[in-house]
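For ligands, and for the atoms within them, numbers begin at 1 and follow the listed sequence.
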Amino acid sequence: MKNNKKLILVTGAAGYLGSVIVPHLLQKGYAVRALDNFMFNQTSLLPHFINPDFDCVVGDARDKDTVKRSLENVDCILNLAALVGAPICKQKEKEAWEINYEAAVMLESLRSPGQGYIYPNTTSGYGTHNPVEGPCVEETPQEPISVYGKSKVKAEKELLQKPDVVTYRFTTVYGLSPRLRLDLMPNDFMWRALHGGALVIFEGNFQRSFIHISDVARVVSFTLEHFDEMKGRAFNVGHERNNKTKKELAEKIAEFTGCYLHFTNLREDPDKRNYFISFRRIQDVGFVPDVDWDVGLKSLHAGLKTLHWSNPFANVEYY
Ligand SMILES: NC(=O)c1ccc[n+]([C@@H]2O[C@H](COP(=O)([O-])OP(=O)(O)OC[C@H]3O[C@@H](n4cnc5c(N)ncnc54)[C@H](O)[C@@H]3O)[C@@H](O)[C@H]2O)c1
């Protein structure tokens with residue numbers, strides 16, 4: 001596959017983010033090559049196989065030959081393949097380092113000059129920053145606690161030493177995707193409120209920040225359009241208006257669902273995430289998220305109400 005369109009390699013394309021980003025890029029006029037091992041038996045990419053601008057490599061992002069094959073004729077890489085979240089990385093520590101760190105660095109070393117590289121980090125590394133010292137900017141030291149945060153931050157640090165790399169520090173993403181994740185705080189809260197009628201909240205005063213998944217797709221196409229201006233830097237991705245406490249999020253979800261709220265000190269977040277983030281840098285290059293949380297949470301509420309299956313993540317430990 002190579003026509004006059006720019007070809008984007010999306011690793012982890014069948015994941016929660018990739019399943020929304022891939023159709024967005026196709027719609028924006030890019031050709032997309034997916035690379036994924038389909039570890040969750042996802043079906044989310046099936047509608048795109050009819051599209052001549054889409055192709056797919058089924059394989060492991062740790063495998064050098066698979067990666068080399070995937071890189072042929074590629075203009076830019078979006079590396080989403082990862083073990084995502086603190087619980088799974090704690091269970092599978094070796095694989096987490098191999099995929100989130102080693103494979104991310106290997107992919108960089110195998111690309112040809114001119115192939116841009118976009119890498120999504122997390123804001124988990126800001127967890128220990130004391131909010132009274134001011135908002136977290138991109139220079140704020142990142143001190144992640146979980147293996148997930150550590151493996152992502154280490155990869156980002158190394159990648160930013162190389163030319164033509166852009167990294168994102170995404171706040172907590174929420175919203176609907178054909179590969180649904182219910183272990184993200186707003187999705188989880190909405191699900192529990194709808195299906196359990198109650199929310200038990202720990203660390204309710206902790207400050208978090210949220211971004212809707214459709215804005216994540218938009219920031220990727222924005223980056224492809226503004227790559228030269230953005231390369232060599234990390235960007236916090238979100239908006240100050242979506243900096244909220246967990247209590248505010250729970251109360252908003254109670255407005256939609258009428259659920260009962262109970263606040264407790266029973267548990268702690270593994271990454272101690274309590275931060276106020278500044279998004280000045282991404283605003284300065286011209287990107288502002290579109291979706292306010294009233295709109296985002298309303299659509300999340302409407303979508304999750306249509307699902308009648310029981311929670312497949314019932315035994316999963318949440319964030
Ligand atoms: N969702 C968020 O809130 C968020 C926030 C910050 C950063 N990120 C980053 O964005 C990326 C995507 O996250 P997501 O929420 O879509 O997670 P996800 O778990 O839904 O997607 C990860 C994808 O990677 C694939 N994968 C895993 N190991 C692989 C391997 N060895 N080879 C090939 N494919 C493999 C999985 O099959 C899956 O499709 C990750 O790098 C994550 O760290 C996500």
Side-chain angles (χ1 to χ4, degrees), residues 9-22 33-45 56-67 69-70 77-89 92 94-104 106-107 117-127 142 144 146-156 159 167-188 208-217 219-220 234-238 242 271 273 277 313 316 318-319:
L9 171 64
V10 182
T11 76
Y16 172 69
L17 298 186
S19 301
V20 172
I21 294 170
V22 167
R33 176 171 300 141
L35 164 61
D36 206 295
N37 64 358
F38 294 85
M39 62 181 276
F40 304 110
N41 298 320
Q42 303 97 303
T43 57
S44 52
L45 296 181
C56 182
V57 177
V58 180
D60 196 310
R62 291 170 289 184
D63 181 69
K64 202 172 184 175
D65 290 336
T66 305
V67 173
R69 189 156 49 95
S70 307
I77 303 156
L78 172 65
N79 182 17
L80 301 175
L83 290 190
V84 182
I88 192 171
C89 292
K92 300 186 175 188
K94 181 172 167 287
E95 289 93 328
W97 281 106
E98 285 173 2
I99 302 166
N100 299 4
Y101 168 66
E102 287 168 26
M106 180 182 77
L107 174 56
Y117 189 128
I118 304 173
Y119 182 78
N121 191 9
T122 157
T123 44
S124 308
Y126 293 144
Q142 298 185 85
S146 67
V147 171
Y148 174 59
K150 283 181 179 166
S151 58
K152 297 292 295 184
V153 168
K154 188 168 161 69
E156 183 197 61
L159 293 172
T167 71
Y168 302 130
R169 309 226 178 112
F170 285 132
T171 56
T172 301
V173 186
Y174 73 101
L176 299 165
S177 162
R179 139 71 185 148
L180 191 53
R181 283 184 59 193
L182 293 176
D183 58 337
L184 295 157
M185 187 184 288
N187 292 5
D188 172 45
R208 295 284 294 262
S209 194
F210 306 100
I211 184 165
H212 192 265
I213 191 164
S214 62
D215 282 323
V216 169
V219 83
V220 173
F235 290 86
N236 293 336
V237 184
N242 294 325
D271 272 312
R273 286 164 289 184
I277 297 179
F313 302 100
V316 169
Y318 289 90
Y319 40 89

Trainee: So, 4.0 Å and heavy atoms of Ser19: is ligand 1 close enough to count as a contact?
Mentor: no

Trainee: Please report which non-hydrogen protein atom sits nearest to atom 21 (O) of ligand 1, along with the residue it belongs to and the distance in Å to one decimal place.
Mentor: Gly15 CA, 3.4 Å

Trainee: Looking only at N/O atoms, are Ala13 and ligand 1 under 3.5 Å apart anywhere?
Mentor: no

Trainee: Any idea which atoms of ligand 1 are less than 4.0 Å away from a heavy-atom of Gly59?
Mentor: 32 (N), 33 (C)

Trainee: Which protein non-hydrogen atom lies closest to atom 5 (C) of ligand 1, naming both residue and atom, and how far is it?
Mentor: Phe170 CB, 3.7 Å

Trainee: Is a side-chain N or O of Asp36 found less than 3.5 angstrom from the main chain of Thr11, in a donor-acceptor match?
Mentor: no

Trainee: Using only atom types and a distance under 3.5 Å, with no angle test, would you say the side chain of Asn37 pairs donor to acceptor with the backbone of Asp60?
Mentor: no

Trainee: Taking N or O atoms only and a 3.5 Å limit, does Leu80 qualify as a polar contact for ligand 1?
Mentor: yes

Trainee: Using a strict cut-off of 4.0 Å, indicate which atoms of ligand 1 neighbour a heavy atom of Lys152.
Mentor: 40 (C), 41 (O), 42 (C), 43 (O)

Trainee: Going from OH on Tyr174 to CG on Leu184, what distance comes out if it is rounded to the nearest 0.5 angstrom?
Mentor: 12.0 Å

Trainee: Taking distance alone, with N or O pairs closer than 3.5 Å, would you say Arg179 contacts ligand 1?
Mentor: yes

Trainee: With a 4.5 Å cut-off on side-chain heavy atoms, are Lys150 and Tyr101 touching?
Mentor: no

Trainee: I'd like to know if the side chain of Tyr119 pairs up with that of Lys152 as donor and acceptor (distance under 3.5 Å, no hydrogens or angles considered).
Mentor: yes

Trainee: Taking only heavy atoms of Ala81 into account, list the atoms of ligand 1 that are under 4.0 Å away from them.
Mentor: 24 (O), 34 (N), 35 (C)

Trainee: For atom 32 (N) of ligand 1, grab the closest protein heavy atom and report residue, atom and distance to one decimal in Å.
Mentor: Ala61 N, 2.8 Å

Trainee: To check your reading of the model: name the closest protein heavy atom to atom 20 (O) of ligand 1, its residue, and the distance in Å.
Mentor: Tyr16 N, 2.7 Å

Trainee: Any chance you could measure Ser44, atom OG, to Phe38, atom CZ, to the nearest 0.5 Å?
Mentor: 7.0 Å

Trainee: Below the 3.5 angstrom mark, is there an N/O of Leu17, backbone or side chain, next to an N/O of ligand 1?
Mentor: yes

Trainee: Less than 4.0 Å is my threshold; does some heavy atom of Asn121 fall inside it relative to ligand 1?
Mentor: yes

Trainee: Does any non-hydrogen side-chain atom of Pro186 lie less than 4.5 Å from one of Val173?
Mentor: no

Trainee: Say you draw a straight line from OG1 of Thr172 to CZ of Arg208; how long is it, rounded to the nearest 0.5 Å?
Mentor: 4.0 Å

Trainee: So, regarding Thr122 and ligand 1 (criterion: nitrogen or oxygen to nitrogen or oxygen, under 3.5 Å), is there a contact or not?
Mentor: no

Trainee: Using only atom types and a distance under 3.5 Å, with no angle test, would you say the side chain of Arg33 pairs donor to acceptor with the backbone of Ser70?
Mentor: yes

Trainee: Report the nearest protein non-hydrogen atom to atom 35 (C) of ligand 1: residue, atom name, distance rounded to 0.1 Å.
Mentor: Asn37 OD1, 3.1 Å

Trainee: Is it the case that the side chain of Ser19 and the backbone of Tyr16 share a donor-acceptor pair, with hydrogens and angles ignored and the cut-off at 3.5 Å?
Mentor: no

Trainee: Can you report which non-hydrogen protein atom sits closest to atom 17 (O) of ligand 1, along with the distance?
Mentor: Val84 CG2, 3.3 Å

Trainee: Could you tell me whether some N/O pair between Gln42 and ligand 1 is separated by less than 3.5 angstrom?
Mentor: yes

Trainee: Mind running side chain to side chain contact (heavy atoms under 4.5 Å, CB included) on Cys89 and Asn100 for me, showing each step along the way?
Mentor: CA-CA 10 Å; Cys89 292; Asn100 299 4; 3.8 Å; yes

Trainee: Looking only at N/O atoms, are Val173 and ligand 1 under 3.5 Å apart anywhere?
Mentor: yes

Trainee: What protein heavy atom is closest to atom 36 (C) of ligand 1, reported as residue, atom name and distance in Å?
Mentor: Asp36 OD1, 3.4 Å

Trainee: I'd like to know if Glu156 pairs up with Arg169 as an ion pair, taking the criterion as any Lys NZ or Arg NE/NH1/NH2 lying under 4.0 Å from an Asp or Glu carboxylate oxygen.
Mentor: yes

Trainee: Under 4.0 Å, heavy-atom basis, I'd like to know which part of Leu184 is in contact with ligand 1: side chain, backbone, both or neither.
Mentor: side chain

Trainee: Starting from atom 15 (O) of ligand 1, locate the nearest protein heavy atom and write down its residue, its atom name and how far away it is, to 0.1 Å.
Mentor: Arg181 NH1, 2.6 Å

Trainee: Under 4.0 Å from any heavy atom of Tyr148, which atoms of ligand 1 are there?
Mentor: 7 (C), 8 (N), 42 (C), 43 (O)

Trainee: Under a 4.0 Å heavy-atom limit, does Asp60 contact ligand 1 with its side chain, its backbone, both, or neither?
Mentor: both

Trainee: Is there a side-chain contact between Asn121 and Val153 (heavy atoms, below 4.5 Å)?
Mentor: yes

Trainee: I need the Ile277 CD1 to Tyr126 OH distance, nearest 0.5 Å.
Mentor: 6.5 Å

Trainee: Taking both backbone and side-chain atoms of Pro120, is any N or O found less than 3.5 Å from an N or O belonging to ligand 1?
Mentor: no

